[in-house]
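Written out below as structure tokens is the structure these notes cover.
Values in this document were obtained by computation on a predicted structure and should not be read as measured data. Order of the sequence lines fixes the chain letters, A, B, ..., with proteins taken first and strands second; residue numbering starts at 1 for each chain. The figures here come from the full heavy-atom set of this structure, side chains too, leaving out hydrogens, waters and symmetry mates.
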Amino acid sequence: LVILMANGAKFSQIGVDISRASDHELHFNSEWPTVHILQGGKVTTTVMGGGVGSIFYEHGLGFTPAFLPYTYDSITGEFEIFRAIMTIDKRYIRWYAPGGGGGGAGDVTYGIMIFNIDLESPYTAPSINPNPQTVGGDGVEVGMKFAIEGEDVKSKDMQNFKANTGARAPLIHAVAHGKGTIPGTTSVLRDFEYTHNLPYNPMFIPYIEWDGADSRGEYLIVANFAGTITEGNKITLKDIKVDYNASIVFFKDPFDVSENTTVVNI
Amino acid sequence: MNGIKIVTGSDVQNAKPREFSVNSDIPLWICDLKKKPKHFGLLKASIASIAPFSQRTLLSVTHGYMKTPSFITEWNYPAGTSPLLGTNQTYGIGSLEAFTAGGLMTYRAILSPTQFKIIADNTSNSGTVTNQYVEFRYYIFAPPLGEPLDSQ
């Protein structure tokens, strides 16, 4: 379950034979970073209306981290990944009224997860065993656990742990960062292309620098119809403003690996 | 402080947060592998037809946590076809709004205090939507999203 190497260590997920484990079946490998949560939870802030970018939250990290924003329904308690404009830079998360000009001033509540991934620092991890399939287990039921302060390490509740080899944590494969260089649909737009080196379709999160007024350095998730195209190993983010940046965070986790597949026909 | 820090290529004392493989001071975004039903998986959904203003639940997972956890979804739509399909993405994060010949389809990935759900919703009154195929990969992560962020 654990192998200590000359300059590091790796742990497989519990029950997985580490000598055969695919990269994505490791709980961690010191050859690459793992997704940690630097700040996460529900935030309520009073914002300005009229489409102005309001400061929603100050993370104060000094670098531009990858993040996920979630809408929150205060009646049902439901969260959904936000499809409109919320940006992040080296200091703040900013909220823009959905639709650009709509929305009045008042309190808004969102969930946010801020990760230890710098969107502006390109990185590529080594691929040691990039087999997308699950290779099977060794049945070993020992591992590593770190409980949060005040909680018993024997707890059965995974919410009481910071790390636990009985769990899977996304592993960072690459951060692609740069400006668009391919001509876009107009003379002031460019496409950003990146070709990853994994032999499968990995999970990834695309971000682009927001081209609103006074928004240099602010990144938002490219959600829905903003223009992501995949073709084999090549990912294209379409129509980024000239001289603006894009970032794509790739995980080692495969998209279409056949594990716990649910088929629905209605 | 008890714990470990593992980083390669940097002095562990001076390493930046983004460089750690493990830092027991900072929680990992962990998905419990022992939960039943499983907290991760791949949904492959085919919809023959769905009437205007109607919803169908494609997936429902009771997560069993006391605190509302966090999640990520990534979708592939239209799955298995050419990626060069005008305004449609082939892969994306979160929920999906898809313009179809029959109307606007929304595939919503939602986490409630008790359940994770993926719902197909024909939000348009322009007609019945037919012959849909979509794939969603999902992870439910233990770290809570529903608790107030304590650094506020």
Side-chain angles (χ1 to χ4, degrees), chain A residues 7-9 13-14 28-43 68 70 76-81 83 111-113 116-118 121 146 148 158-159 161-164 166-170 203 205 221 223-225 228-231 255-256 259-266, chain B residues 3 6 8 17-24 26-34 38 40-48 56 58-59 65 67-68 70 72 74 76 83-84 87 89-97 108-113 137 142-152:
Chain A
N7 292 307
Q13 295 161 15
I14 199 162
F28 73 83
N29 184 333
S30 55
E31 293 287 331
W32 53 72
T34 312
V35 177
H36 292 72
I37 302 166
L38 298 182
Q39 296 167 33
K42 195 169 62 178
V43 178
L68 282 176
Y70 301 81
T76 63
E78 292 177 340
F79 289 94
E80 183 175 357
I81 293 177
R83 282 173 279 167
I112 54 174
M113 284 281 165
N116 62 324
I117 304 167
D118 185 350
S121 293
F146 287 99
I148 61 176
M158 196 60 79
Q159 290 192 319
F161 291 91
K162 290 183 176 177
N164 188 323
R168 173 180 295 175
M203 294 186 69
I205 308 177
I221 291 176
N224 224 13
F225 288 92
T228 302
I229 291 175
T230 59
E231 188 173 19
F255 176 87
D256 45 9
E259 55 179 9
N260 193 37
T261 300
T262 301
V263 177
V264 174
N265 292 290
I266 59 174
Chain B
I6 297 176
T8 295
R18 59 183 178 268
E19 295 175 319
F20 284 98
S21 298
V22 171
N23 181 341
S24 57
I26 309 172
L28 288 167
W29 207 26
I30 49 178
C31 169
D32 192 338
L33 294 172
K34 291 186 172 180
K38 290 187 181 299
F40 61 93
L42 180 66
L43 169 70
K44 296 183 175 182
S46 299
I47 302 172
R56 301 293 294 270
L58 304 177
L59 182 78
Y65 285 120
K67 301 173 184 174
T68 305
S70 46
I72 191 171
E74 182 156 341
N76 181 10
L84 301 174
T87 56
Q89 292 179 306
T90 50
Y91 290 88
I93 288 291
S95 298
L96 163 66
E97 289 177 340
R108 299 183 64 203
I110 298 167
L111 191 76
S112 80
R137 183 152 189 84
L145 184 60
E147 301 300 296
L149 209 163
D150 57 13
S151 59
Q152 278 292 285

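- Within the 4.5 Å cutoff, the side chain of A:Met203 has heavy atoms near those of the B:Ile72 side chain.
- Heavy atoms of A:Leu68 lying under 4.5 Å from chain B belong exclusively to its side chain.
- When each of B:Pro113, B:Ser46, B:Gly94 is checked for heavy-atom pairs under 4.5 Å with chain A, B:Ser46 comes out on top.
- Minimum interatomic distance between A:His36 and B:Ile26 (heavy atoms only, all atoms of both residues): CD2-O, 3.4 Å.
- The side-chain contact (heavy atoms from CB on, under 4.5 Å) check on B:Leu59 picks up A:Thr262, B:Leu43, B:Val61, B:Phe116, B:Ile118, B:Tyr138, with sequence neighbours excluded.
- Two residues are said to be in side-chain contact when any heavy atoms from C-beta on lie closer than 4.5 Å; B:Asn76 and A:Thr230 fail this criterion.
- Inter-residue side-chain proximity for A:Thr76 and B:Ile110 is flagged as unmet; no heavy-atom pair is nearer than 4.5 Å.
- Of the options A:Thr34, A:Asn116, A:Val35, a side-chain contact (heavy atoms from CB on, under 4.5 Å) to B:Trp29 is made by A:Val35 and by none of the others.
- To the nearest 0.5 angstrom, A:Arg168 atom CZ is 13.0 Å from B:Ile30 atom CD1.
- Formation of a donor-acceptor pair under 3.5 Å by the A:Gln159 side chain with backbone atoms of B:Lys67 is found in this model.
- Contact annotation for A:Tyr70: only side-chain heavy atoms (C-beta onward) come within less than 4.5 Å of a heavy atom of chain B.
- The minimum heavy-atom distance between B:Leu149 and A:Gly40, with the atom names listed, is CG-O, 3.6 Å.
- Only the backbone of B:Ala109 comes within contact range of chain A, with heavy atoms under 4.5 Å apart.
- With a 4.5 Å cut-off on non-hydrogen atoms, A:Ile112 touches chain B through its backbone and its side chain both.
- For the set A:Asp118, A:Ile117, A:Val263, the entry with the most heavy-atom pairs within less than 4.5 Å of chain B is A:Asp118.
- Contact between B:Pro143 and A:Ile37 at its shortest, heavy atoms only, is CB-CD1, 3.3 Å.
- Every residue two or more places apart in sequence or in another chain that forms a salt bridge (charged side-chain N to carboxylate O under 4.0 Å, His left out) with A:Glu78 is listed here: B:Lys117.
- Between B:Leu42 and A:Phe255, the closest side-chain pair of non-hydrogen atoms falls below 4.5 Å.
- Closest heavy-atom contact between B:Ser95 and A:Glu80: OG-OE2, 2.7 Å.
- For the set A:Gly77, A:Ser121, A:Gly111, the count of heavy-atom pairs under 4.5 angstrom toward chain B peaks at A:Gly77.
- Interatomic distance, A:Asn260 CG to B:Lys38 NZ, rounded to the nearest 0.5 Å: 6.0 Å.
- Taking CG from B:Asp32 and CE from A:Met158, the interatomic distance works out to 3.5 Å, rounded to the nearest 0.5 Å.
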